[in-house]
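Lettering of chains follows the sequences in order, A, B, ..., and the numbering in each one begins at 1. Predicted model, so just to flag it, every value in this text is computed and none were measured.
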Amino acid sequence: MATVKVKRPKLHWYEHLYLPAILKGLIITLKHAMESLRGKAQGGKSLATSGLGVTMQYPEQKWDDQLPDYYRGVPALVTDEQKRERCVSCQLCEFICPPKAITITPGEIQSEDPWAKVEKAPQKFDIDMIRCIYCGMCEEVCPEQAIFLRQDYAMTGTTRGEMVNDKKRLYEIGGIREGLVNKWNELK
Amino acid sequence: MDLAFIIASAIKIFGFTFLVVLPLVAYSTYAERRVSAVLQDRVGPNRVGIPTTLFGFKKDLKFFGLIQPLADGIKGLLKEDFTPAHVRKSFYWMAPAFTAAPAFISLCVVPFGSAVTIFGYEVKMVIADIGVGPLFIFAIASLSVYGITLAGWASNSKYPFFGGVRSCAQMISYEIALGLSLIPVLLFFGKLNLSDIVAYQASNGWLLLPLWNESGTLIHEGYWQNSSQQWLLLLPMGISFFVFTTSIFAETNRMPFDLPECETELVGGYHTEYSSMKFALFFMGEYAAMIVGSALIVTVFFGGWSLGFGLDSSLLQTAEGNWKWYAGFIHMGAFLAKTVAFIIFFIWVRWTVPRFRYDQLMKLGWVVFFELALFNIFLAALIMAAPHIGILNTFLFGLPALIIIALLMFFITKANEIKRKAKVT
Amino acid sequence: MADSAPATAEKLPKDLAAEKGLVNVQVDGTWVQVPAGTRMIEVCKIAEKEVPHYCYHTKLSSPGNCRMCLVQMGMPNRPPPGESPHYEDDGYQQISWMPRPVIACANTVTENMGIRTTGELVEECRNGVMEFLLINHPLDCPICDQAGECSLQEFSVEHGRGSSRFEEMKVKKPKNVEIGPRIRLDDERCIMCSRCIRFMDEVADDPVLGFIDRGTHTTLTVHPGRRLDNNYSLNTADICPVGALTSNDFRFQMRVWFLKETKSIDVNCGTGCNTVIWTRGNEVFRITPRENNEVNSSWMPDSHRLNFHYLHAETRLGDPFVKIGSKHEISDWPGAIAKTAEELSRFKGEEIAVIGSGRMTNEELYLLRRLADTLETDLLSLVPRVGESDGKLISADRNPNTSGAKLIWASRNPYAKLESIRQGVVTGKIKALIVFYEDLLGDAQFKADDLANLDFLVSNHILTNKTAKASDVVLPGAGFAEKRGSLVNITGRLQRLNQAISPPPGAMDDWEILRDLVKALSPDEPSRYLLEEVFGEIADEVEEFEDLTLSKISDLGIPIVETGESIPLLESEKARITAGEIVG
């Protein structure tokens with residue numbers, strides 16, 4: 001271990017009393033208190049908040065129009081314009097998922113299916129939204145462009161079971177996404 | 001002991017504890033959150049109201065979130081009361097009560113109003129009018145350290161244990177400064193009955209604001225009647241106030257001295273293993289202790305229930321010098337207002353000053369406050385004795401003795417410090 | 001190794017090596033001594049230098065057709081005629097490097113040879129080979145079962161390009177072909193290493209695989225009219241470096257990177273093939289062979305490796321049962337053990353018989369004998385299970401621990417008393433029967449009516465069966481992947497069974513059941529807390545186990561007794577090594 005010698009500033013005797021500094025601190029907090037009581041809290045205006053402090057009064061005020069493009073909300077599975085489910089259950093998202101929120105049961109596509117050549121699709125695909133930390137690793141790792149983080153953030157439920165998004169629900173949230181790379185078409 | 005006294009006492013106990021102090025405890029938690037929010041440009045709890053929409057009304061009543069403490073209480077009672085398997089059960093269960101009870105008990109000697117006459121019977125607005133008020137408070141309030149230490153030990157888990165040990169050490173250290181800092185005040189008043197102390201301040205001006213006398217005029221004589229040098233007493237009294245208030249911060253485990261529950265180091269401190277109402281009891285005890293501390297400061301230094309500024313005599317007294325019938329209630333209001341002001345001051349300090357390091361805390365207690373309070377006693381005694389022993393004796397013997405004492409204490413602490421440094425290197 | 005001592009003072013390195021029958025070879029600048037005639041790829045392995053390869057396999061011949069193992073080779077300068085070779089200060093001749101690479105898998109080394117496994121030439125060659133291999137390779141990794149253990153993936157990380165330069169259409173080949181009951185073929189993924197063809201030809205003696213067509217259209221296929229249904233066919237999926245051959249059983253079950261590997265052994269026959277059990281959570285997903293040149297080489301029969309699904313069967317016993325009246329009621333373990341002990345103490349020694357199983361571990365067999373001793377009965381037997389040897393890895397004795405039982409019970413034939421027990425049950429002489437791990441109506445050939453003669457029957461099973469249904473007390477046990485222990489195979493090799501998953505919550509490890517039963521019957525028995533303690537008792541008692549502990553048994557086992565038996569597959573492998581066909 002390297003030893004770092006920190007040089008402490010030399011204090012005057014009146015600074016050593018600390019009382020002036022404490023007093024200064026009390027005045028600063030008082031100033032803030034006065035400002036926020038008068039509805040002029042710092043940053044209140046720029047964030048379009050309630051005025052009383054920087055806090056946004058959530059159900060009445062919403063952030064939707066200010067959401068950045070890169071906002072990471074609920075992860076969901078998508079289908080492409082050919083109505084093909086993109087996911088082939090390679091389980092890389094399950095592997096990378098830091099809180100282990102994703103559980104996939106892989107399955108085989110039946111031979112009568114028009115996309116039988118893809119061979120593999122998830123039988124079950126559960127994302128436990130109680131566990132999910134919205135890190136977006138699944139989206140990043142997906143080799144099939146099948147999972148995306150949506151901009152939804154109000155994910156609620158009254159039971160643990162309700163908070164698990166199953167495959168059907170994931171496709172509902174994800175919907176159809178166009179313009180993805182299509183590597184499973186006939187040409188190679 | 002007659003029946004009237006028993007009934008009056010019962011009403012006082014019930015009314016003061018359940019109608020005043022417990023709601024005050026509840027609302028000081030609300031105030032803590034609201035004031036801290038305001039200090040930090042936030043909003044704080046502003047939602048919990050009466051859900052009238054449940055009963056078919058169009059709008060909920062919000063009351064600025066004033067129902068929050070009620071919701072907290074209900075939550076505390078309804079949450080699972082979890083007792084971990086590894087704790088010492090009996091002590092674990094006793095500890096919260098040990099923390100909360102002393103704070104409430106010590107309130108019984110604090111006078112919260114002047115006497116009220118009802119049906120020709122004079123009732124003193126103090127639950128127990130005993131002659132050793134401050135001593136009783138010190139004795140009982142320091143019992144709460146048992147609760148915290150027990151909680152830490154009974155939890156059978158290392159961080160609560162550290163919290164308990166820290167709390168124990170801290171309370172013992174600051175109790176000394178607390179007691180010593182009050183001695184100059186008691187020297188001045190010459191009595192230990194808190195009711196009498198307040199009554200004296202009501203008629204002669206507050207201890208720290210001795211600017212008016214009984215008749216409401218600015219005083220030239222009377223309060224500091226012996227000689228004009230007695231104005232010097234404001235200095236030791238000021239020091240007393242400073243040391244006393246700071247020590248109360250430490251005694252109540254509040255920021256900047258809340259090391260027993262220092263989250264960054266100790267998870268949650270002594271109450272890490274507690275949940276639901278048992279946890280809430282610790283909180284209640286802490287806030288009750290804060291209320292006791294505020295009440296004590298108000299009682300001793302700021303005239304207790306008196307309105308001050310000569311208003312007591314001019315507004316509330318009859319020509320014969322008796323209190324008017326409503327005076328007792330106005331005094332209660334005044335006392336409550338002063339106490340609340342101090343509670344808000346406590347909160348303000350908490351959200352301004354950062355936490356001490358533990359060694360700094362100990363050094364401050366033992367090296368600075370202990371010495372300062374000790375020196376303060378001699379200073380106050382000398383100033384008080386000066387008129388009796390004469391100017392010459394004061395300057396020939398008193399002042400040199402004081403200086404020697406001061407130097408002695410200064411060098412003892414310095415020597416201590418040098419030794420410590422030598423050991424480190 | 002390199003030595004800076006001047007050659008003039010001492011003997012030359014080549015002479016020093018020759019005394020030991022070795023030659024000096026320089027690998028990436030470091031000199032190593034290896035036997036003459038060793039393949040370059042093996043020398044690189046000895047020198048701890050990695051040479052990427054696909055077609056080379058130590059147990060198979062080397063056709064050298066993947067070209068991935070290209071290295072640069074150098075030979076000593078040949079002196080002009082009439083001159084003696086010149087030795088440098090370090091005693092070696094100067095090496096002249098060849099301008100073109102050679103394949104390391106098929107060339108052997110000679111004195112003073114040099115090998116470079118790195119360098120611009122080698123890297124460029126590998127990158128080129130890699131690019132060629134990937135030209136027609138589909139982008140299948142997300143759906144390919146081999147992903148995660150695929151050599152093509154691994155080496156393309158090191159030597160591949162980020163993108164393809166190939167603009168033409170990829171060649172299309174048959175995908176998802178069922179070439180056998182247990183194997184599926186994806187020809188697009190195949191890199192034509194021919195390992196599977198050589199395996200079926202050389203090891204399985206069932207050459208049904210082969211290439212058809214030429215050039216870029218070369219396709220692996222099965223002989224017309226034939227199927228890849230050999231009992232060793234799944235080994236081809238193991239050795240396939242890519243995902244061309246995959247197991248139907250494991251198909252799309254789980255990605256390999258989730259699986260935990262536990263080294264264990266096979267318990268389906270006396271050979272005791274070394275295995276790896278692949279699990280995730282509390283589920284076994286597959287079992288693959290593990291190399292042990294004294295037991296199973298690198299191979300394993302399909303029938304044995306697929307025989308694990310019963311561990312997760314629905315008929316698995318999850319709780320101890322006690323028969324009250326004519327119905328089985330779920331009991332708790334102390335209750336079931338106490339009930340058994342209480343019932344057994346009603347009988348005299350000669351009225352009780354104990355039947356164990358050759359599938360039990362040494363520790364369990366030892367405790368079973370203790371149980372019989374405690375009950376003062378000498379009616380103690382195993383149930384024989386004899387099949388036919390397949391001339392490779394499956395032995396005629398289908399019990400994995402017959403040799404162990406012989407040692408632990410100090411008995412020449414641990415199966416001897418089964419017939420007399422059967423008779424005793426029929427005549428009613430035996431009134432109480434303890435059965436471990438065996439279905440009496442199965443291999444033990446009892447009749448259902450006989451069991452009705454018994455006053456008390458206690459049995460231990462994994463799955464529910466007719467014996468369990470007839471039992472008064474049923475004690476659910478643990479399967480082979482759920483317990484630890486040691487077994488002795490037919491050649492007398494002590495091997496260790498390791499725990500990969502835990503038994504169902506209500507079931508118990510068999511040795512613990514036996515321990516509790518013995519303790520309940522005879523409180524004077526020592527308290528045993530660890531399996532190691534039981535093994536210690538065996539070591540104290542049985543000569544062959546002396547000085548051994550469970551942890552001293554290495555992953556490859558140790559021979560403890562001579563049985564005179566041998567494993568046919570190893571014999572033929574030895575013959576091929578001697579003939580120089582393979583490295584072994």
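Heavy atoms of other residues, nucleotides or ligands lying less than 6.0 angstrom from NE2 of C:His223 number 12 at most. For A:Tyr71, the OH atom sits in a packed shell: over 12 heavy atoms of surrounding residues, nucleotides or ligands are nearer than 6.0 Å.
Residues passing the side-chain hydrogen bond (donor to acceptor under 3.5 Å, both in side chains) test with C:His309 are C:Asp249, sequence neighbours excluded.
Interface with chain C: from residues 143-166 of chain A, residues A:Pro143, A:Glu144 qualify, criterion being any non-hydrogen pair under 4.5 Å. Taking 4.5 Å as the heavy-atom cut-off, the residues of residues 142-158 of chain C that approach chain A are C:Pro142, C:Ile143, ordered by number. Residue-level contacts of residues 95-108 of chain A with chain C, in order of numbering, are A:Phe95, A:Pro106, A:Gly107, A:Glu108; threshold 4.5 Å between heavy atoms.
Using a 4.5 Å cut-off between heavy atoms, C:Phe258 contacts chain A through its side chain alone, with no backbone atom that close.
Side-chain contact between C:Arg255 and A:Glu94: absent, with no pair of heavy atoms (C-beta onward) separated by less than 4.5 Å.
Ion pairing of C:Arg184 with A:Glu119 is absent here, as no side-chain N (NZ or NE/NH1/NH2) approaches a carboxylate O to less than 4.0 Å.
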